[in-house]
J.: 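The structure is given below, and queries will be raised subsequently.
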Amino acid sequence: PGGMSTLLPAYTTMLVFGRVPTHSTRSQRTELIAEAARQIRIQDLKLVHHAGAGHIGGDFSAIDILATLYGAVLNTSPDRVDDPERDRFILSKGHVAGALYTTLAAFGFMPVEELATFLQPLSALNGHPNRTKVAGVEANTGPLGHGLPIAVGHALAAQLDGSPRRTYVLLGDGELQEGSNWEAMMAASQYRLDRLTVIVDRNGLQQGATVRETNDLEPLEAKALAFGFAVAEINGHDHGALYHVLSAVPLQDGRPTFVIAHTHKGYPVSFMSDQVGWHHRVPSTGEMEQALGELQAFGPVTGSSEGGQS
């Protein structure tokens, strides 16, 4: 696109990371994923600021999950996007497309330079992901409540194929207010789709209000258990805990997995964290500079490397 070259120095400076080597120690793996997540946040922040639109709060609550999946869990790679035996990842909360695009670029699925076209006219990088335009995107999402039913279809297809490939899907917690998710969960349990993993970005906020004020989900763990899922609750910013659970699925044979990943909208930026106004707000130049300063100094979360399981 015309003028794109003028954007590259300022807006597309991210390193490209390879998959974490299988021989890495736990601490090495955690450090590599944490650094990838930090760089993804820095690039995503620039992306949204330059485009003048995006969902930075939800992007930041999900990035640790995305970096862990693409960096160390998913059996896929840039040269295998058409391999029928690749693992599938579906971003059901499609409005955080900026986080997905930046993660895909960070792990080599697209040129980092292409990020400069985010939300520009005729760009493939739309406000919601499109599988026909972006390599590595498995489903067109945006209307909430659609990603999980699609994921159930992928998982059922794998089962019918006798394939060990896994399907992961990331939902927002407010998105679980859509009834189509619970219909899909009934089907996943009925067909014993234990290669399916549902991850809930449990940041407690949705557009304009808290999830509790809008339509409370609790008791969420008990509901998922009642629908036939094995359940794990973890800190969704703890890369060790994320890897431990997401790489271990199925948690129980014959039961799909439901991971409640407790996160913070806007994490870890001080003035964005847990602030509902950052659902769709664009940082000013001053806010971007402050956030960049905080991210430059940010280190990995440390804590338990295991999540509670039911």
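Please read these numbers as outputs of a predicted model, since none were measured by experiment.
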J.: Side chains of P129 and V134: closer than 4.5 Å at any heavy-atom pair?
T.: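 When only atoms from C-beta onward are counted, V134 and P129 do not touch, as no gap falls below 4.5 Å.
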J.: Can you tell me how far apart CG (L193) and OG1 (T257) are? Round to the nearest 0.5 Å.
T.: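 Output value for this atom pair is 11.0 Å.
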J.: Please name the pair of heavy atoms, one in P268 and one in F298, separated by the smallest distance, quoted to 0.1 Å.
T.: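 Nearest heavy atoms, P268 then F298: CB-CE1, 3.4 Å.
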J.: Per the side-chain contact (heavy atoms from CB on, under 4.5 Å) rule, which among T103, L100, V137, T197 passes with F89?
T.: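 Exactly one option meets the side-chain contact (heavy atoms from CB on, under 4.5 Å) with F89, and it is L100.
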J.: What is the distance from atom CD of Q290 to atom OG of S270, rounded to the nearest 0.5 Å?
T.: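 Reported value, rounded in 0.5 Å steps: 5.0 Å.
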J.: So which heavy atom on D194 is nearest to which on P250, and how close?
T.: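 Here D194 and P250 meet closest at O-CB, 3.0 Å.
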J.: From the options K223, R212, R202, select the one residue that forms a salt bridge (charged side-chain N to carboxylate O under 4.0 Å, His left out) with E218.
T.: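 By the salt bridge (charged side-chain N to carboxylate O under 4.0 Å, His left out) criterion, E218 pairs with just one of K223, R212, R202: R202.
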J.: Indicate the atoms forming the closest heavy-atom contact of D44 with A99, along with that distance.
T.: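 Smallest interatomic distance, heavy atoms only, reads OD1-N, 3.7 Å.
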J.: Sub-3.5 Å donor-acceptor pair from the side chain of R19 to the main-chain atoms of A72, do we have one?
T.: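 Such a contact is found between R19 side chain and A72 backbone.
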J.: Taking it one step at a time, do K46 and L292 satisfy side-chain contact (heavy atoms from CB on, under 4.5 Å)?
T.: CA-CA 9 Å; K46 296 176 181 178; L292 285 174; 4.2 Å; yes
J.: Could you walk me through whether V269 and E287 pass side-chain contact (heavy atoms from CB on, under 4.5 Å), step by step?
T.: CA-CA 10 Å; V269 177; E287 289 168 335; over 6 Å; no
J.: Determine whether E213 and T210 satisfy the following criterion, side chain to side chain donor-acceptor pair (under 3.5 Å), listing intermediate values before the conclusion.
T.: CA-CA 5 Å; E213 291 169 329; T210 67; 3.1 Å; yes
J.: Linking I/L/V/M/F/W/Y whenever any side-chain heavy atoms sit under 4.5 Å apart, do L45 and F271 land together?
T.: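 Cluster IDs for L45 and F271 match.
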J.: Grab the two heavy atoms, one from K93 and one from N203, that are nearest each other, plus how far apart they are.
T.: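 The pair with the smallest heavy-atom distance is NZ-ND2, 4.4 Å.
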J.: Hey, does the side chain of N181 reach the backbone of E175 with a donor-acceptor pair shorter than 3.5 angstrom?
T.: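 Yes, because the side chain of N181 sits within donor-acceptor range (under 3.5 Å) of the backbone of E175.
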J.: Using 0.5 Å steps for rounding, measure from the CZ atom of R86 to the CZ atom of R165.
T.: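 One gets 8.0 Å once the value is rounded to the nearest 0.5 Å.
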J.: Does one hydrophobic cluster hold both L196 and M186, with members joined at side-chain heavy-atom distances below 4.5 Å?
T.: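 Shared cluster, yes.
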J.: With under 30° as parallel and over 60° as perpendicular, where do the rings of F17 and F107 fit, or are they tilted in between?
T.: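 The rings of F17 and F107 sit tilted, inter-plane angle from 30° to 60°.
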J.: Under 3.5 Å, side chain of D274 to main-chain N/O of H264, donor-acceptor pair present?
T.: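 Not at all, since once roles are kept as given, no pair shorter than 3.5 Å links the two residues.
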J.: Quick check: do E31 and H239 have side-chain heavy atoms less than 4.5 Å from each other?
T.: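 Heavy-atom side-chain distance check fails, nothing below 4.5 Å.
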J.: For A105 and V112, which heavy atoms make the closest approach, and how far apart are they?
T.: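 Nearest heavy atoms, A105 then V112: O-CG2, 4.0 Å.
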J.: Can a donor-acceptor pair be found, under 3.5 Å and without considering hydrogens, that links the side chain of T117 to the backbone of S123?
T.: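 Here the side-chain-to-backbone pair does not exist.
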J.: With heavy-atom distances below 4.5 Å as the criterion, would you say the side chains of W278 and K265 are in contact?
T.: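 No. Closest side-chain heavy atoms not under 4.5 Å.
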J.: Taking all heavy atoms of V276 and all of Q206, pick out the closest pair and write down the distance.
T.: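 Taking every non-hydrogen atom into account, CG2-O, 3.2 Å.
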J.: Report yes or no: do Y168 and L144 belong to one cluster of Ile/Leu/Val/Met/Phe/Trp/Tyr joined by side chain heavy-atom distances under 4.5 Å?
T.: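 No; tracing contacts between hydrophobic side chains, which count when under 4.5 Å, never links both residues.
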J.: Would you call E233 and L220 a side-chain contact if the rule is heavy atoms closer than 4.5 Å?
T.: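 A side-chain contact under 4.5 Å is absent here.
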J.: Show, in sequence, the C-alpha distance, side-chain angles and deciding distance for E35 and Q39, and conclude whether the side chain to side chain donor-acceptor pair (under 3.5 Å) test is met.
T.: CA-CA 6 Å; E35 179 58 16; Q39 293 294 337; 2.9 Å; yes
J.: How about R131 and N140: do any of their side-chain heavy atoms sit closer than 4.5 Å?
T.: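 Yes; the side chains approach each other to less than 4.5 Å.
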J.: Heavy-atom count check: over 12 atoms from other residues, nucleotides or ligands less than 6.0 Å from D82 CG?
T.: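 It does not: D82 CG has 12 such atoms or fewer within range.
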J.: Working to the nearest 0.5 Å, report the span between OH of Y70 and OG1 of T76.
T.: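 Here the rounded value is 7.5 Å.
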J.: Counting only heavy atoms not in E294, do more than 12 fall under 6.0 Å of its CD?
T.: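 Yes, because the 6.0 Å sphere around CD of E294 holds more than 12 heavy atoms from other groups.
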J.: Donor-acceptor pair, T30 side chain versus R26 backbone, under 3.5 Å?
T.: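 Confirmed, T30 side chain pairs with R26 backbone.
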J.: Measure the spacing between CG of L91 and CD1 of I199 and express it to the nearest 0.5 Å.
T.: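 Answer rounded to 0.5 Å: 10.5 Å.
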J.: Heavy-atom distance under 4.5 Å between the side chains of H128 and H95, does that happen here?
T.: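 Yes, their side chains come closer than 4.5 Å.
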J.: What distance do L104 atom CG and M110 atom CE have between them, rounded to the nearest 0.5 Å?
T.: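 It is 5.0 Å, given to the nearest 0.5 Å.
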J.: Report yes if some heavy atom in the side chain of Q177 is under 4.5 Å from a heavy atom in the side chain of V211; otherwise report no.
T.: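 Q177 reaches V211 side chain to side chain.
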J.: Salt bridge check, E114 against K133: does any charged N sit closer than 4.0 Å to a carboxylate O?
T.: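 Salt bridge between K133 and E114, a charged N being under 4.0 Å from a carboxylate O: no.
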J.: With side-chain contact (heavy atoms from CB on, under 4.5 Å) as the criterion, how do H262 and H237 come out once you've worked through the C-alpha distance, each side chain's angles and the decisive distance to 0.1 Å?
T.: CA-CA 8 Å; H262 293 281; H237 300 301; over 6 Å; no
J.: Using the benzene-type ring in the case of Trp, are the ring centres of H279 and H55 under 6.0 Å apart?
T.: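 That pair passes the under 6.0 Å test.
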J.: Look at the side chain of R255 and the backbone N and O of F229, then say whether any donor-acceptor pair between them is shorter than 3.5 Å.
T.: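 Yes.
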J.: Salt bridge or not between R41 and D64? Use side-chain N to carboxylate O under 4.0 Å.
T.: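 Answer for the salt bridge query: yes.
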J.: Should L295 and L66 be counted in the same cluster of Ile, Leu, Val, Met, Phe, Trp and Tyr side chains packed under 4.5 Å apart?
T.: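 Yes, it is one cluster - the side chains of L295 and L66 are joined through contacts under 4.5 Å.
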J.: Sequence neighbours excluded, which residues qualify as side chain to side chain donor-acceptor pair (under 3.5 Å) partners of R29?
T.: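 With sequence neighbours excluded, R29 shows a side chain to side chain donor-acceptor pair (under 3.5 Å) to no residue whatsoever.
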J.: ring-ring contact (aromatic ring centres under 6.0 Å, His included), that's the test. Do F227 and F258 meet it? Break it down for me.
T.: CA-CA 10 Å; F227 273 71; F258 193 91; 9.4 Å; no
J.: If only atom types and distance count, is the side chain of Q28 paired as donor or acceptor with the main-chain N or O of T25 below 3.5 Å?
T.: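 Confirmed, Q28 side chain pairs with T25 backbone.
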J.: Could you check if a side-chain atom of I56 sits within less than 4.5 angstrom of a side-chain atom of V282, using non-hydrogen atoms only?
T.: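 A side-chain contact is absent here, since even the closest heavy-atom pair is not under 4.5 Å.
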J.: Is there a continuous path of hydrophobic side-chain contacts, each under 4.5 Å between heavy atoms, that joins V169 to Y191?
T.: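 V169 and Y191: one cluster.
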